[in-house]
There are 2 protein chains.
Amino acid sequence: MFCKNKQCLLGKQERTYKLDSYIDVTIIEKQTNRKYKKMQNFHPTGVCPIRDILSHLSSKWATLILITLNANKTMRFSDIQKSIGDISQRMLTVTLRSLETDGLISRKIYAEIPPRVEYKLTERGYSLIPHIEGLVNWAIENMPMIMKNRKTNKLTTNGQESF
Amino acid sequence: MFCKNKQCLLGKQERTYKLDSYIDVTIIEKQTNRKYKKMQNFHPTGVCPIRDILSHLSSKWATLILITLNANKTMRFSDIQKSIGDISQRMLTVTLRSLETDGLISRKIYAEIPPRVEYKLTERGYSLIPHIEGLVNWAIENMPMIMKNRKTNKLTTNGQESF
DNA sequence: CCGTATCCATTCTGATACTG
DNA sequence: CAGTATCAGAATGGATACGG
């Protein structure tokens, strides 16, 4: 893992600066004198926030659920499913549970027949939204160019420099 | 897909407002009168920027590579590998190619023996960094509480409201 | 209505071996 | 050094059936 410190196997190690709150370390290789920075976990327990949050977003559905809940404030299970459109019942359940476990959404069960369950973002969930929207807006702006790149770069497998 | 418009199968459809540049639509179900907003693709071609960017981040390695390149400016293949620590040669190659195809990084090959290849972020790549750092910093701040939640929520499977 | 359980297909990832 | 090729296991996601 990113987070299991093997220490520096490569040569001298040199503490450098803090960059936006994740810590890195400069590695200098003895033989070649080549240098590079290595991101370092600063939770000695083996929990790496960077990897952890990324693995969360990596779920195909988590972020879409958060966006949907943000837009709707409070939603029932079936409404989330219809809002997203193509998520299976299973994946919706699984993803909601994992978001709940992390305290990003809350679940309220009404003891009625038929049952009703309402989901909404917690405060922590809401605090994540601006960052997600940052990414989303970036994606929207850049998508046209990226699509263009994908097409052209399919062919240019042999250039010296790709762009 | 999120992006293939099935139109509204459910009832009246009503155009609402633009929220941070992704468009949604309010669905009102005829029978129940229940309402929810549905995110709508606004690229009629079937390309959904939201899903696309998310699927990118969902690659286990892409974001770590971007962070590393941002910290180091220019890196050789083997230095990226050592910087990240536990990425296999194969996954590094695969992920670098996909980032290159999308124009987030550039690859420069020096025709030497032994070969040398240097990677760096493109301008577009750099433009993504602040958004990634937003997420990363959020993760770093919130991780302690999230870890706590995970432990406590393991047991409370039966509460009426989870928090 | 809101799940859970089971099974299966697909995708992703890592290990290993080999090349210009 | 910087890859490519191949294969196997793990992780992920979807379809279906059933239950409180």
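Every chain is numbered from 1, with letters handed out A, B, ... down the list of sequences.
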Nucleotide [N], atom [atom2] - distance to [atom1] of [X] in whole Å:
{"X": "A:R97", "N": "D:dT12", "atom1": "CZ", "atom2": "C1'", "answer": "18 Å"}
{"X": "A:Y36", "N": "D:dC1", "atom1": "OH", "atom2": "P", "answer": "12 Å"}
{"X": "B:K82", "N": "D:dC1", "atom1": "NZ", "atom2": "C1'", "answer": "10 Å"}
{"X": "B:F77", "N": "D:dC1", "atom1": "CZ", "atom2": "P", "answer": "11 Å"}
{"X": "B:D79", "N": "D:dG3", "atom1": "CG", "atom2": "P", "answer": "13 Å"}
{"X": "B:M75", "N": "D:dC1", "atom1": "CE", "atom2": "C1'", "answer": "15 Å"}
{"X": "A:M91", "N": "D:dA11", "atom1": "CE", "atom2": "P", "answer": "14 Å"}
{"X": "A:D86", "N": "D:dG13", "atom1": "CG", "atom2": "P", "answer": "12 Å"}

Quiz item: When all nucleic acid strands are considered with a 4.0 Å heavy-atom cut-off, which category describes A:Q89: base, sugar-phosphate, or nothing?
Solution: base
Quiz item: For A:S78, which contact category applies under a 4.0 Å heavy-atom criterion: base, sugar-phosphate, or nothing?
Solution: sugar-phosphate
Practice problem: Would you kindly compare A:L96 and B:S59 by the position of their nearest DNA chain C nucleotide and give the one closer to the 5′ end? | Solution: A:L96
Practice problem: Select from A:R116 and A:R90 the residue whose nearest nucleotide in DNA chain C is closer to the 5' end of that strand. | Solution: A:R116
Do the charged groups of [X] and [Y] touch, with an N to O distance under 4.0 Å?
{"X": "B:E29", "Y": "A:K82", "answer": "yes"}
{"X": "A:D86", "Y": "B:R51", "answer": "yes"}
{"X": "A:R76", "Y": "A:E118", "answer": "no"}
{"X": "B:K38", "Y": "A:D79", "answer": "no"}

Self-check item: Heavy-atom neighbours of A:E112 CD exceed 12 at 6.0 Å
Solution: yes
Self-check item: CE on B:M75 to CG on B:L96, rounded to 0.5 Å
Solution: 10.5 Å
Quiz prompt | Reported CZ-to-OG1 distance for the pair A:R150 and B:T101, which is rounded to 0.5 angstrom | solution = 8.5 Å
Quiz item: Do any side-chain nitrogens or oxygens of B:R76 fall under 4.0 Å of OP1 or OP2 in D:dA2?
Solution: yes
Quiz item: Can you check whether B:R107 has a side-chain N or O nearer than 4.0 Å to OP1 or OP2 of D:dG3?
Solution: yes
Quiz prompt | Axial bend angle, the helix from C:dC1-D:dG20 to C:dG20-D:dC1: five-pair end segments, nearest 10° | solution = 40°
Quiz item: Can you check whether A:L104's main-chain N or O pairs, donor with acceptor, with A:T122's side chain at less than 3.5 Å?
Solution: yes
Quiz item: Which residue, B:L66, B:L69, B:N70, forms the side chain to side chain contact (heavy atoms under 4.5 Å, CB included) with B:Y126?
Solution: B:N70
Exercise. Using the heavy-atom set of chain B and a strict 4.0 Å cut-off, write down the first and last nucleotide of DNA chain C that makes it in, 5' to 3'.
Key: C:dT13 to C:dG20
